[in-house]
Amino acid sequence: MRWSQLFIPTLKEDPAAAETASHKLLMRAGYIRPLGSGIYSLLPLAQKVRLKVINIIREEMNAIGGQEFVLPALHPTELWEESGRLGTMGDIMFRLKDRKGAELVLGVTHEEIFTSIARNALSSYRQVPQIWYQFQTKFRDELRPKSGLLRVREFTMKDSYSFDVDAEGLDKSFDLHKAAYERIFTRAGLDFVAVEASSGAMGGSASTEFMVLTDAGEDLVVLCRGCGYAANVEKAVAAFETIESKNAHASLEKFPTPGLKTVEQLANFADFAATKNQIKTLVYAADDELVLVLLRGDHELNTTKLTDFLGAENVRAAEDQEIFSAMGAHAGSLGGVGVKTSNGGKIKKVFLDNALKGRSNMVTGANDDDFHYKGVSIERDIEASAWGDFRGVKTGDMCIKCGGALAVEKSLEIGHIFKLGTRYSTTMNAHVLIASGEKTPIMMGSYGIGVERLMAAAVERSHDKKGIIWPKSLAPYDVIVNVINSAEEEALAAGEKLYAELRAAGIEVLLDDRAERPGFKFADNDLIGIPLRVNIGKKLKDGIVELVERATGENKDVPIHNLVDVFKQNVTGAL
RNA sequence: CGGGACGUGGCGCAGCUUGGUAGCGCGGUUGCUUUGGGAGCAAUAGGUCGCAGGUUCAAAUCCUGUCGUCCCGACCA
C-alpha cells in the first residue's frame, strides 16, 4: 500500500481524553477513533492488526481441534432466563425489544447459545469431545468504560467452549486450551503470566487468567519469584506467621476507648493493642443478609474471596444504620464477642479469617460505642459460623508454597479459561448418554480472549516516546519503504521498484511516497510502529539504502540489490 | 451510582471572575521558497461557543435544567 493513499490520520498532539499509553498512541497513530463512551471505530491499520491477532488465534484453535462457528450476537431473553444468568448478568447486558414487543439481549458471552446447540445435537458420549469457537462481537454495558480499547462496551472476543462426557475429558480440553493460549500470547509477542483466578459470575470450579503486567491494568496479581506461584489477589493465599499469644489465658475485660475508631488509633493508644493483636470486625450484606467478617487488625478483606466463599450473588459493605441496628454500636467499636447468630439475631453468620486461628488475649470492639474488650480468646469468646481465607494478600507476604516474599502487581487480563463443569448443562438440560445407557450432564469449559484488548496490551508493553513498537507478528506492515525525497524521480522509482520486489517476495510493505519533509515522515513512521524501515535517500546514488530497526533505532547501510534477500532472512524468518 | 473535571472551527487550548467586536497554536487550501528528524513567508476558508429554557437593551460569559465526555471510587468473565 502507498501511504499517500492509505487512511492514516495521525495526530501531532495527545488527545485530551486519553490517559493510558495505548489509548493515546492508538489515537495519535491513526488506528482508532471514538464514537461514544467505550465505543471505538477501528481504522484500516487497526483492522490489519486485528486480523493478525485473529489469524494467530485461529491457527492455534484449529491446531487443538477447534471448529469455527459464528453465532448470533442478538439473543432471545428466554435463553438467559433459562440459565439463570439474567439475574447475575442483568445489569451488564444491553436489552431491547423488537417491534412485536419480544425481549432480546445483546450477547455478553455465548455459553447459553452454544449450550442450546449442544443439547439438541449432542446425544451420545461417542460425539464428544468437541471444541467449538468463534470470533464474535460482545456487548457489555460496563459500569465504567475506560482507557481506550482496554475496557469498552463493544469488542471482539474469541470464545470457545468444550464439551466432554466427564471430568477427565474436561481436564484434557482445559489443558489443551491452556497450552494453545500460551502459544497464542507468545506468538503475539506478549510477556504474560498465567494465574489462578476466581470464576466469578461464570460459575464453575477452576479458572486460569492470562495476565499482562502493566499499570494500565485493573487487576492485581500475586507473584512469587522464588517458586513461580501466581494468582489473582481474588484467589491468592499467603502464609502467615504463627503468633504465640502472651498471657494466653487472660480473661475478658471491657475498657474505655473514647474516640478511638480505627485500628491504628487503638494501636497507638495501648501497647497490648498492636495491630496484630486486634480483631478487625466488618459487617457485610450478602444478598441482603448481614454477616460479620473478622480479620486480624493488620489484614484487609478481599470482597471477592468473601463472595466466592458464600456463593452469594451480591456482597456489599453494610450501611451505617444497618450496622447500628444489628450491633448496637457504630463502626469503630464493633466486635464478635457475644454475637449470637441463632434465635433471630440480625447477624446471620460470623466468619473468621484463618489467620485468627488459635489466637488469644486479643483486642476488639465491645459493641458499645467507645468501649473495647481485651483478653479476647477467639475460640472461647466468639461463636464462629465458619472459618475461611478472606484476607487480601499484600506485597511482602510469605508464599504458601516456598515461603518466599510475594509481590503484588497490577495487570491486565487478556485471556481467561474456565472449567464450567455442569453449571450450564444442568440448568439448560444438555445431556449425553454414556455407555451404560444413563444420561449424564455434559462437562463444559469456556475460554475467552479479548482481541482488541490484546492489541492494546501489546502497545502498553511496547512503545517509546516516539510511538508504538509492534511485535513483528502483529504489525500492520512488515516494513516501511520511505522515499525521503519523493520529488526526486530516481529515488521514487527506486522505491517503487523495491516496493514491488518486496511484495513479490511475500513481504507486507508500506511505501511512504508522500511529498512531505523528511522529519515529518520519520516522525509519522516511528509513530505507527512498523518494525523495520528502509530509507531511500542520499546514498542511493551509490546503490545504498538504510535499514532501520524501529525498536532499537539501529541502522545499517545495505546495497539496494541485496535488500530482498536480507528481508527474506530478517522478516519472513522471524514470522 | 457517589466524588471530581471538562464541553468554544478537524485537533490542542485561551476568553467566562468583571455580560457588549469570538481569539491563539497545530491542521486544511493556494502561491513562492525549503527538503535527512513534526519547515518559512504570504494569502485564504472554516465556529448555531453541547442542547434547552431563563435573566438582561445585550449572554461563550450570569441562573436553571438537560445531554455528552474523561478521571477517581463503587462495580465488573
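A note on names: the letters A, B, ... follow the listed sequences, proteins ahead of strands, and every chain is numbered from 1.
Candidate nucleotides A74(B), G36(B), G38(B) were compared by shortest atom distance to the side chain of I484(A), and G36(B) ranks first. Nearest to the side-chain atoms of R517(A) among the listed nucleotides A74(B), U34(B), G38(B) stands U34(B). Ranking G36(B), C72(B), C70(B) by closeness to the N535(A) side chain, first place goes to G36(B). The K146(A) side chain lies nearest to C71(B) when the options are C71(B), G37(B), C76(B). Comparing atom distances between the E142(A) side chain and each of U34(B), G38(B), C76(B) picks out C76(B) as nearest. Here the nucleotide nearest the side chain of K466(A), chosen from U35(B), U69(B), G37(B), is G37(B). Closest to the side chain of K12(A), from the set G27(B), C76(B), C71(B), is G27(B). You'll find that the side chain of F522(A) is closest to G36(B), out of U35(B), G36(B), C76(B).
A60(B) sits 12 Å from U17(B) when the P atoms are compared, rounded to a whole Å. Spacing of P atoms, G7(B) relative to G15(B), comes out at 10 Å, to the nearest Å. The separation of C71(B) from U35(B), taken at their C1' atoms, amounts to 43 Å, rounded to a whole angstrom. Going from the P atom of U55(B) to that of C72(B) covers 41 Å, rounded to whole Å. G12(B) sits 31 Å from A58(B) when the C1' atoms are compared, rounded to a whole Å. Using atom P as the reference point in both C49(B) and C32(B), the two lie 39 Å apart (nearest Å). Nucleotides C51(B) and G68(B) place their C1' atoms 10 Å apart, quoted to the nearest Å. Atom name C1', nucleotides G47(B) and A5(B): the rounded distance is 24 Å, in whole Å.
Ion pairing of K138(A) with D159(A) is present here, as a side-chain N (NZ or NE/NH1/NH2) and a carboxylate O approach within less than 4.0 Å. The pair K172(A)-D164(A) does not meet the salt-bridge criterion, since no charged nitrogen lies less than 4.0 angstrom from a carboxylate oxygen. Salt bridge K235(A)/E196(A): absent, no basic N to carboxylate O contact under 4.0 Å. Salt bridge R151(A)/E413(A): absent, no basic N to carboxylate O contact under 4.0 Å. At a threshold of 4.0 Å, the pair R514(A)-D524(A) counts as salt-bridged, since one of the basic side-chain nitrogens sits closer than that to a carboxylate oxygen. By the 4.0 Å N-to-carboxylate-O rule, R423(A) lies too far from E111(A) to be salt-bridged with it. Ion pairing between E289(A) and R316(A) fails under the 4.0 Å rule for side-chain N and carboxylate O. For the pair R153(A) and D141(A), the salt-bridge criterion is met [side-chain N within less than 4.0 Å of a carboxylate O]. A salt bridge links R550(A) with D464(A): at least one charged nitrogen is closer than 4.0 Å to a carboxylate oxygen. Between E234(A) and K305(A), none of the side-chain N atoms (NZ, or NE/NH1/NH2) sits under 4.0 Å from a carboxylate O, so this pair counts as no salt bridge.
Between the CZ atom of R514(A) and the C1' atom of U35(B) there is a distance of 14 Å, rounded to whole Å. The CD1 atom of I480(A) sits 16 Å away from the C1' atom of G36(B) (whole-angstrom rounding). When the P atom of G36(B) is taken as reference, atom NZ of K539(A) falls 13 Å away, rounded to whole Å. Between R144(A) atom CZ and U69(B) atom C1' the separation is 12 Å, expressed in whole Å. Here the C1' atom of nucleotide C75(B) and the CZ atom of R153(A) are 15 Å apart, to the nearest Å. Note: CE (M27(A)) to P (U69(B)) measures 14 Å, nearest angstrom. Atom P of nucleotide U69(B) and atom CD of E19(A) are separated by 16 Å, given to the nearest angstrom. Nucleotide C72(B) holds its P atom 12 Å from the CZ atom of R151(A), rounded to whole Å.
Nucleotide C51(B) forms a Watson-Crick or G-U wobble pair with G65(B), both donor-acceptor distances falling under 3.5 Å. The nucleotide G9(B) finds no pairing partner, because no Watson-Crick or G-U wobble arrangement with both distances shorter than 3.5 Å includes it. Partner assigned to A59(B) is none, using Watson-Crick or G-U wobble distances below 3.5 angstrom. Base-pair partner of U17(B): not found among the strands shown (Watson-Crick or G-U wobble, both distances under 3.5 Å). Figure legend. U34(B) is base-paired to no nucleotide; pairs are counted as Watson-Crick or G-U wobble with both atom distances under 3.5 Å. In this structure, U44(B) and G28(B) make a Watson-Crick or G-U wobble pair, each of the two defining distances being under 3.5 angstrom.
The base of G36(B) does not come close enough to the side chain of N485(A) for any donor and acceptor atom to sit less than 3.5 Å apart. Between the base of G37(B) and the side chain of R533(A) there is a donor-acceptor pair shorter than 3.5 Å. The base of G38(B) sits with one of its N or O atoms less than 3.5 Å from a complementary donor or acceptor on the side chain of R28(A).
E488(A) comes within 4.0 angstrom of nothing in the nucleic acid, heavy atoms only. Nucleic acid contact for S147(A): sugar-phosphate only, since backbone atoms but no base atoms lie under 4.0 Å from a heavy atom of the residue. Across all strands shown, K538(A) has heavy atoms under 4.0 Å from base atoms, whether or not it also approaches the sugar-phosphate. Across all strands, G450(A) comes closer than 4.0 Å to no nucleic acid atom at all (heavy-atom distances). Among the heavy atoms of the strands lying under 4.0 Å from L143(A) is at least one base atom, whether or not backbone atoms are also near.
Taking for each of F520(A) and E218(A) the nucleotide of RNA chain B with the nearest heavy atom, the 5'-most of the two is the partner of F520(A). Heavy-atom nearest nucleotides on RNA chain B were determined for T20(A) and for G448(A), and the one closer to the 5' end corresponds to T20(A).
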So which protein N/O to nucleotides 11-16 of chain B N/O distances come out below 3.5 Å?
residue : atom : partner : partner atom : Å
G12(B)  : OP1  : A16(A)  : N            : 3.2

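At a cut-off of 3.5 Å, with distance as the only test, no side-chain donor of K261(A) or H330(A) sits close to an acceptor on the other residue.
Side-chain N/O atoms of S37(A) include none lying less than 4.0 angstrom from OP1 or OP2 on G68(B).
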